[in-house]
There are 2 protein chains.
Amino acid sequence: MTRKALPPLAPGTVDRSRALPLWRQVQTELERDIVAGAISAGERFPTEAELSERFSVHRHTVRRAIESLRERNLIRVEHGHGIFVRERTVPHALTAEGRLSTTIRQLSQNNDRKILGTDKVQADPAVSRALQIRSRTLVRRVDMLGGINGAPATVSSMYFPLPRFIGIERHIEESGSITGSFAKLGVEKYQRKETRVSARLPTKAEADLLDQPRTLPVMTIWSLDIDSDGKPVAYSQSCISTRWIELVVRF
Amino acid sequence: MTRKALPPLAPGTVDRSRALPLWRQVQTELERDIVAGAISAGERFPTEAELSERFSVHRHTVRRAIESLRERNLIRVEHGHGIFVRERTVPHALTAEGRLSTTIRQLSQNNDRKILGTDKVQADPAVSRALQIRSRTLVRRVDMLGGINGAPATVSSMYFPLPRFIGIERHIEESGSITGSFAKLGVEKYQRKETRVSARLPTKAEADLLDQPRTLPVMTIWSLDIDSDGKPVAYSQSCISTRWIELVVRF
DNA sequence: GATAATTTGTGCGTATGTATG
DNA sequence: ACATACATACGCACAAATTAT
């Protein structure tokens, strides 16, 4: 892994007179490097040892500074791998109409969606409650992988009630559009009713799909879509990489 | 660590005729145990080895079932520690008026807030941008620990612009109420303008405060509060345990 | 602080049944 | 009938995180 060398240290950058804690001086200096673009987004930071050398401070002092940057989401620390400047995340606004794909299409250069697979399955308790159907009724499940700027960013499973949406998986595969597929099956308008957000570590499969370490948390979103009559039309569970996306709620 | 023994296995629970994959049979059985309350929320699961013994299947087969339960947030797996049934999380609605403390007070038996400390600090770039003040202006920072049902659930830092809110930390310490403290300083009404959500692993300090393992992600929330004139009155960063709280957006 | 025991995480190898062409 | 690919299941070994001694 190549690593960009930081600019040489200006004399007097570290002031040992105890006017300011050493770690805070290191933090300020590193922050300056980040915002100045001396290390660009996604790129690798010097190791703790190198930084400790550069600032002539103890490794623990560097760690304290690093921790402070991490708390503020400026960098990302991967256990046993390295320290990385965080990629600029795309803010996804949670609104009744907003589709994740739409947001991403607007805010990023590129957006793509790939169907990972589809299956007819029995609704588990959570799905059946959300879709207001009896437990173990058959539903259509479609698994998708969403990308942003060429990088995989979301893994989601959508559940559609049957028999109302028989064949919707073929429409989605052909057009790639959920809205379009709904329209073909007679749903002109639909909107989000509720979204629940939590976070967890990804499963191995999810981490592989998202091309990220297992130690980087993903946000999980459960959301329910309803048609204009208030009838549930889709329940989806998405797993969203915190590497590329942050959620925004505006009031 | 005491552990509740699962009820003995009814004969014929595992069907090796390949009508259904073994791991799915195990998953169904464990799910039944959870919803039936054979193991209650927060309690420890049998280990992989014990489950493997109980069902007479390979450990990998158990792991496959466990993973499926984990994806659906029914259980929580802690590396090197054990498997636990997830606690019932309190849904916190993100709205313009909703304070986290209010939600929790409504939905849980108990809610408490403790001031961890307070300090006058220079605004870093993010804070100064949010509060619309010049960088390095002094602001009042108040660190708080929020609890729910006696368990620590949130760690947050609020930043108040100075000199407008001089002494607000004393009001907060005395009354424990943000709204009340604002009122005493002439802010009758204030509301949330924007909330940004992401997730990461907690720092050691945060994990200690929240009494949770470092491998359980926390959600991070940055939010900006404004008064009725639209002037920023507080910028806060909260770190929320995914163990007790999930976020909800309703439309 | 060092060590060991416990428990989960990961990887590779092997075998078998099922679906597909 | 055969080759191929895939998911399932088991076996073994070791890495990594946590807890107790």
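Chain identifiers are assigned alphabetically (A, B, ...) following the order of the sequence lines, protein sequences preceding nucleic acid strands; residue numbering begins at 1 within each chain. None of the values given here were measured: they were computed from a predicted structure.
- Looking at heavy atoms from C-beta onward, Tyr235(A) lies out of side-chain contact with Val139(A) at the 4.5 angstrom threshold.
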Could you pull out every donor-acceptor pair under 3.5 Å between side chains of residues 201-209 of chain B and any protein atom, sequence neighbours left out?
unit_1, atom_1, unit_2, atom_2, d
Thr203(B), OG1, Glu206(B), N, 3.1
Thr203(B), OG1, Glu206(B), OE1, 3.4
Lys204(B), NZ, Asp208(B), OD2, 3.0
Glu206(B), OE1, Arg200(B), NH1, 2.9
Glu206(B), OE1, Thr203(B), N, 3.0
Glu206(B), OE2, Arg200(B), NH2, 3.2

Just list the side-chain donor-acceptor pairs under 3.5 Å for residues 61-68 of chain B, sequence neighbours left out, or say none.
unit_1, atom_1, unit_2, atom_2, d
Arg63(B), NH1, Glu48(B), OE2, 2.7
Ser68(B), OG, Gln27(B), OE1, 3.1

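- Applying the 4.0 Å criterion to OP1 and OP2 of dT8(D), one finds that Arg64(B) has a side-chain N or O inside that range.
- One end of the helix from dA2(C)-dT21(D) to dG21(C)-dC2(D) points its axis 10° away from the other end's axis, with each axis taken from 5 pairs and the angle rounded to 10°.
- Regarding Leu216(B), its CG atom lies at a distance of 16 Å from the P atom of dT8(C), rounded to whole Å.
- Spacing between atom CD of Glu67(B) and atom C1' of dT8(D) amounts to 15 Å, rounded to whole angstrom units.
- Taking atom CZ of residue Arg214(A) and atom P of nucleotide dG9(C), one finds them 7 Å apart after rounding to whole Å.
- The separation between Glu53(B) atom CD and dT6(C) atom C1' is 17 Å, rounded to whole Å.
- If you take CG of Asp119(A) and P of dA19(C), they are 13 Å apart, rounded to a whole angstrom.
- We find that CZ of Arg24(B) is positioned 14 Å from P of dA7(D), with the value rounded to whole Å.
- Of all non-hydrogen atoms in Ile115(B) and Met144(B), the two that sit nearest each other are CD1-CG, 3.8 Å.
- Applying the ring pair (Phe, Tyr, Trp, His ring centres under 6.0 Å) test to Phe165(A) and every residue at least two apart in sequence or in another chain returns Phe182(A).
- Residues Gln212(A) and Val218(A) are in side-chain contact: their nearest non-hydrogen atoms beyond the backbone lie under 4.5 Å apart.
- One can place CZ of Phe55(B) at 13 Å from P of dA9(D), the figure rounded to the nearest angstrom.
- Of the side-chain N and O atoms in Thr61(B), one or more sit less than 4.0 angstrom from OP1 or OP2 of dC10(D).
- Residue Trp23(B) is the one, among Trp23(B) and Gly80(B), whose nearest nucleotide of DNA chain D lies closer to the 5' end (criterion: closest heavy atom).
- Atom C1' of nucleotide dT18(D) and atom CZ of Arg44(B) are separated by 10 Å, given to the nearest angstrom.
- Sequence neighbours left out, the pairs with a member in residues 116-139 of chain A that pass salt bridge (Lys or Arg N to Asp or Glu O under 4.0 Å) are Asp124(A)-Arg72(B).
- Taking every side-chain heavy atom of Lys204(A) into account, dG11(C) is the closest of dG11(C), dT18(D), dT10(C).
- When all heavy atoms are compared, the tightest approach of Arg86(B) to Ala41(B) is O-CB, 3.6 Å.
- Atoms CG and CD, from Leu94(A) and Glu194(A) in turn, are 12.0 Å apart once rounded to the nearest 0.5 Å.
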Distances for protein N or O near nucleotides 11-15 of chain D N or O, under 3.5 Å:
unit_1, atom_1, unit_2, atom_2, d
dG11(D), N7, His58(B), NE2, 3.1
dG11(D), O6, His60(B), ND1, 3.3

